[in-house]
Amino acid sequence: MTVAHHALEVALTRPLTAAELHHAARLLPLATNHDATRLMTLVRAKTPGRAAHRLRHRVGARLPVDVITTHYPDTDGQILLNIDFPPAVHAAICDTAHRTGQPPELFIRHAIHRALDRHTGVEAARLDRAILDLLAGTLPAHLLAAVGRALTHIPGAPQ
């Protein structure tokens with residue numbers, strides 16, 4: 001197996017100070033967003049999981065790391081999440097997973113998928129209600145034209 005570079009994104013619990021960012025940039029190549037709450041980096045490792053583990057080991061104690069994710073989905077369309085739970089939370093997850101007969105990683109994966117499915121359903125219902133409210137006061141053709149204008153509007157461009 002060849003060793004590749006994996007693009008990882010780091011979500012931080014707070015913005016980095018200039019000194020923290022400077023020190024971290026000496027450890028590995030970094031790109032930051034406008035408010036220094038997210039970082040991007042490349043980590044050399046055999047797998048994305050090892051890359052995330054290596055990154056957390058390198059900067060986890062030095063920076064306010066919340067979550068590390070792979071920036072690009074794998075061949076199955078999945079994004080790897082690397083979360084360092086506090087010991088009490090980790091113990092509760094392991095206990096609940098054990099009671100359900102699942103490994104903790106699978107238990108978390110299923111919980112995240114259920115939460116995303118719920119969110120998708122709630123969002124779809126919200127959009128359906130909003131569309132019905134709009135249709136109550138206008139013709140479908142007018143609403144469709146307005147949606148088209150809104151989707152093609154480029155902020156700052158002449159109208």
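Keep in mind it's a predicted model, so treat the numbers as computed, not measured.
- Among residue pairs with one or both ends in residues 73-85, none qualify as salt bridge (Lys or Arg N to Asp or Glu O under 4.0 Å); sequence neighbours excluded.
- Note: the hydrophobic cluster containing I108 does not contain I68 (ILVMFWY, side chain heavy atoms under 4.5 Å, direct or indirect links).
- Taken to the nearest 0.5 Å, the CG atom of L8 stands 7.0 Å off from the OG1 atom of T41.
- Looking at heavy atoms from C-beta onward, V10 lies in side-chain contact with L55 at the 4.5 angstrom threshold.
- When all heavy atoms are compared, the tightest approach of H53 to N82 is N-ND2, 4.1 Å.
- Follow the hydrophobic side-chain contacts under 4.5 Å out from V59 and you reach L21 in the same cluster.
- Residues passing the side-chain contact (heavy atoms from CB on, under 4.5 Å) test with E123, sequence neighbours excluded: R126, L127.
- Considering every non-hydrogen atom in both A36 and L12, the closest pair reads O-CD1, 3.5 Å.
- With L39 as the fixed residue, the side-chain contact (heavy atoms from CB on, under 4.5 Å) test singles out one of L16, N33, V65: L16.
- The hydrophobic clustering, which links ILVMFWY residues whose side-chain heavy atoms are closer than 4.5 Å, places I83 and V89 together.
- H6 contributes no side-chain N or O that, together with a main-chain N or O of T70, makes up a donor-acceptor pair within less than 3.5 Å.
- To the nearest 0.5 angstrom, L132 atom CG is 9.5 Å from R129 atom CZ.
- When all heavy atoms of L30 and A25 are compared, the closest pair comes out as CD1-N, 3.7 Å.
- Scanning both residues, P104 and A97, for their nearest heavy atoms gives CA-CB, 3.8 Å.
- Counting heavy atoms from C-beta on, the side chains of R62 and L27 come closer than 4.5 Å.
- Sorted by first then second residue, the salt bridge (Lys or Arg N to Asp or Glu O under 4.0 Å) pairs that include residues 93-113, not counting sequence neighbours, are D95-R99.
- What you find for Q102 and F107 is that their closest heavy atoms are OE1-CA, 3.3 Å.
- Taken to the nearest 0.5 Å, the CG atom of L42 stands 9.5 Å off from the CG atom of L28.
- A 4.5 Å side-chain heavy-atom check between R14 and E20 finds at least one atom pair inside the cut-off.
- The side-chain contact (heavy atoms from CB on, under 4.5 Å) test applied to T69 returns E9, V67, I79, L81, not counting sequence neighbours.
- When the side-chain contact (heavy atoms from CB on, under 4.5 Å) test is applied to L143, the partners found at least two apart in sequence or on another chain are I131, L134, L135, T138, V147.
- Atom CZ of R38 has 12 or fewer heavy atoms from other residues, nucleotides or ligands within 6.0 Å.
- Evaluation of the salt bridge (Lys or Arg N to Asp or Glu O under 4.0 Å) test over residues 135-145, restricted to residues two or more places apart or in two chains, returns none.
- In this structure, C94 and H98 have side chains that are not in contact, with every pair of non-hydrogen atoms separated by 4.5 Å or more.
- When all heavy atoms of P48 and L80 are compared, the pair lying nearest together is O-CD2, 3.7 Å.
- The backbone N or O of I93 sits nowhere less than 3.5 Å from a side-chain atom of T96 that would complete a donor-acceptor pair.
- Judged by distance alone, with hydrogens and angles left aside, the side-chain atoms of R54 form no donor-acceptor pair with the main-chain N or O of V43 at under 3.5 Å.
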